[in-house]
Amino acid sequence: MAVILGELPELPHLPELPARGPGADLVGRTAGLLVDLPVQTTASGWRLGARSGRDSGRVSSYISADLDALEEAAASYAGLFKIQVCGPWTLAASLELTRSVEPALADPGAVADLTSSLAEGLAAHVAAVRGRLPDATILVQLDEPALPAVLAGSVPTASGLHRIRPVDEPIAADHLRAVLTPASAPAVVHCCAPEIPFSCITLCGALGVSFDLALFRRTDEDAFGEAVESGLGMFIGAIPAAAPPKTQRPDEDGRVPATEIIDRWLRIGLPAASLTGQVVITPACGLAGAPPAYARAALTRSQSAARLIPELMQERVP
C-alpha cells in the first residue's frame with residue numbers, strides 16, 4: 001500500500017497478492033465475496049460447495065487484513081481509489097459446479113445464481129472499502145480475462161473434448177451490468193486476452209475498458225475506434241508486467257509506449273483531443289509476479305508515459 005500510494009497518488013488501488021496461497025488468487029478472493037454461495041478448493045482450483053468451510057474463512061481473513069492495511073495507510077485519502085474483483089463470466093468459467101467437475105458456465109441457472117450473488121457481494125465489498133476510506137471515490141474493476149472465450153464459445157468442458165456454447169453479446173453485457181449496478185460506483189472492465197470485446201464492454205455501461213496493448217491487433221481497430229467515439233475510457237496496458245531481458249535497453253522515461261499509443265491512435269483516425277482526455281496508461285496486467293523493484297519502476301513508467309503523451313502529440317499534431 002505504501003508503494004502504491006507513493007507511485008500512483010492519482011489512482012491508487014487495493015492490491016491482490018496471489019502468492020499468499022488459495023484465497024488470495026483472483027478467483028478464490030472473489031468467490032469468497034459471494035453471498036449464500038459457499039466455495040471450496042479442489043485439486044484443480046475452486047468449486048461451488050454445499051456449505052461454508054475453512055476456505056471461505058481464509059478468504060475473509062485475507063480481505064479483512066488487507067482492509068486494515070488500507071485504512072492504516074490511506075485513511076485520509078480523498079481521490080479516486082480502485083478495487084478489483086473477478087467478473088461473472090470469468091468466475092463462471094473457472095468455478096466447478098457443486099456436484100460436477102464441469103465449469104459453472106455450462107449451467108445457465110448456475111450462471112444466473114453466480115451473477116446475483118456476486119452483485120450482492122461486490123456491493124457489500126464496495127461499502128466496506130468506503131467505510132475505511134470515507135472521502136474517496138471508489139472505482140470498481142471487473143477482471144474478465146475469459147470473456148473473449150465465453151463469447152466465442154471456446155471454453156472447454158471438463159473432458160476437454162467439447163466446448164461450452166457461446167454466450168450472446170447482449171446477454172454477456174446484461175450480466176456485467178447486473179453485477180455493477182448495485183455497487184453504485186464507476187467501473188472499468190479489464191480483459192488481458194486477445195480479441196478484446198470492446199462492443200460488449202461498451203454495452204454493459206462501464207466507464208472504461210482496460211486491456212493489454214501487446215494483444216491489440218489491426219482487426220480490433222474498428223471496434224476500438226467505435227468505443228472511443230462512444231466515450232468509453234481506455235486504460236491501455238502499455239507497460240510490460242514482467243521485467244524485460246537485461247540485454248534490452250531500458251525505457252525509463254516511458255517514451256516508447258507513449259509513441260506507440262500515439263501512432264496507433266492517429267492511424268485509426270481518432271481525434272488528438274480524445275487521446276489526452278480518455279486514456280490512462282497502465283501496466284499490461286497485474287504485477288504480482290514481478291519483483292518489487294520492477295513493480296515500482298513499472299508504476300513510475302506508466303506515469304511518465306502519460307505525462308509525455310500531450311507533449312509528443314503536440315509535436316505530431318500542432
Side-chain angles (χ1 to χ4, degrees), residues 1-17 24 26 29-30 33 60 62-87 118-143 177 179-190 201 204-210 231-239 254 258 273-283 285-288 292 295-311:
M1 280 309 312
V3 169
I4 289 168
L5 288 165
E7 302 302 326
L8 296 177
E10 296 175 0
L11 184 55
H13 59 276
L14 182 65
E16 293 175 350
L17 303 172
L26 172 64
R29 185 178 176 91
T30 301
L33 297 175
S60 298
Y62 281 142
I63 293 176
S64 178
D66 291 351
L67 293 180
D68 288 344
L70 168 64
E71 185 174 19
E72 181 178 351
S76 61
Y77 179 76
L80 198 62
F81 187 88
K82 182 172 75 69
I83 60 174
Q84 53 278 336
V85 298
C86 186
L118 178 58
E120 189 175 348
L122 175 58
H125 185 46
V126 170
V129 176
R130 283 185 176 133
R132 306 296 184 109
L133 302 180
D135 297 323
T137 299
I138 307 303
L139 173 68
V140 172
Q141 174 178 305
L142 286 187
D143 286 317
R177 187 184 303 106
V179 168
L180 293 172
T181 300
S184 299
V188 172
V189 178
H190 172 64
I201 295 170
C204 81
L207 170 77
V209 55
S210 171
L232 193 68
M234 294 294 163
F235 289 63
I236 301 179
I239 312 300
S274 61
L275 173 55
T276 55
Q278 285 179 244
V279 170
V280 176
I281 309 301
T282 73
C285 202
L287 295 168
R296 186 191 295 267
L299 298 179
T300 301
R301 190 176 168 212
S302 297
Q303 287 200 94
S304 299
R307 293 190 181 109
L308 271 174
I309 282 179
E311 175 186 335

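Since the model is a prediction, treat every value here as computed from it, not as a measurement.
Remark: Ala123 pairs with Pro182 by the side chain to side chain contact (heavy atoms under 4.5 Å, CB included) rule, at least two apart or across chains. Partners of Asp135 by salt bridge (Lys or Arg N to Asp or Glu O under 4.0 Å), not counting sequence neighbours: none found. Evaluation of the side chain to side chain contact (heavy atoms under 4.5 Å, CB included) rule for Glu311 yields Leu308, Glu315 as partners, not counting sequence neighbours. Here Gln278 pairs with Val228, Ser274 under the side chain to side chain contact (heavy atoms under 4.5 Å, CB included) rule; sequence neighbours left out. Take Thr30 and apply the side-chain hydrogen bond (donor to acceptor under 3.5 Å, both in side chains) test, not counting sequence neighbours, and it matches no residue. Scanning for salt bridge (Lys or Arg N to Asp or Glu O under 4.0 Å) contacts around Arg296 gives Glu7, with sequence neighbours left out. Residues that satisfy the side-chain hydrogen bond (donor to acceptor under 3.5 Å, both in side chains) test with Glu71, not counting sequence neighbours, are Arg132. Listed by chain and residue number, nothing satisfies the salt bridge (Lys or Arg N to Asp or Glu O under 4.0 Å) test with Arg307 (two or more places apart in sequence, or in another chain). Every residue two or more places apart in sequence or in another chain that forms a salt bridge (Lys or Arg N to Asp or Glu O under 4.0 Å) with Arg29 is listed here: Asp66. With sequence neighbours excluded, the residues forming a side chain to side chain contact (heavy atoms under 4.5 Å, CB included) with Leu207 are Leu139, Pro186, listed by chain and number.
Residue Leu14 holds its CG atom at 6.0 Å from CG of Leu67, rounded to the nearest 0.5 Å. One distance of note links NE2 of His13 with CG of Leu80; it measures 12.5 Å at 0.5 Å rounding. Rounded to the nearest 0.5 Å, atoms CD1 (Ile281) and OG (Ser304) are 11.5 Å apart. Atom CG of Leu122 and atom OG of Ser184 lie 10.0 Å apart (nearest 0.5 Å). Residue Ile239 holds its CD1 atom at 4.5 Å from CZ of Arg301, rounded to the nearest 0.5 Å. Lys82 NZ to Ser210 OG: the interatomic distance, rounded to the nearest 0.5 Å, is 7.5 Å.
In this structure, Gln303 and Pro9 have side chains that are in contact, with non-hydrogen atoms separated by less than 4.5 Å. In this structure, the side chains of Thr282 and Leu11 stay at 4.5 Å or more apart for every pair of heavy atoms. Between Val189 and Cys204, some side-chain heavy-atom pair lies under the 4.5 Å cut-off. By the 4.5 Å heavy-atom criterion applied to side chains, Val179 and Val85 are not counted as neighbours. Contact of the Val126 side chain with the Ile83 side chain is registered, since non-hydrogen atoms from C-beta on lie closer than 4.5 Å. Between Val209 and Met234 there is a side-chain heavy-atom pair separated by less than 4.5 Å.
When all heavy atoms of Gly87 and Leu118 are compared, the pair lying nearest together is C-CD2, 4.0 Å. The two residues Ala187 and Leu180 have their closest heavy-atom pair at CB-CD2, 3.5 Å. Nearest heavy atom pair, residue Cys285 against residue His190, reads SG-NE2, 3.8 Å. Between Ala206 and Leu232, the closest heavy-atom pair is O-CD1, 3.4 Å. Of all the heavy atoms in Met1 and Ala73, the pair that sits closest is CB-CB, 3.9 Å. Here the closest heavy-atom approach between residue Pro12 and residue Tyr77 is recorded as CD-OH, 3.1 Å.
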Criterion side-chain contact (heavy atoms from CB on, under 4.5 Å) on Val188 and Leu142, from CA distance to verdict: CA-CA 6 Å; Val188 172; Leu142 286 187; over 6 Å; no
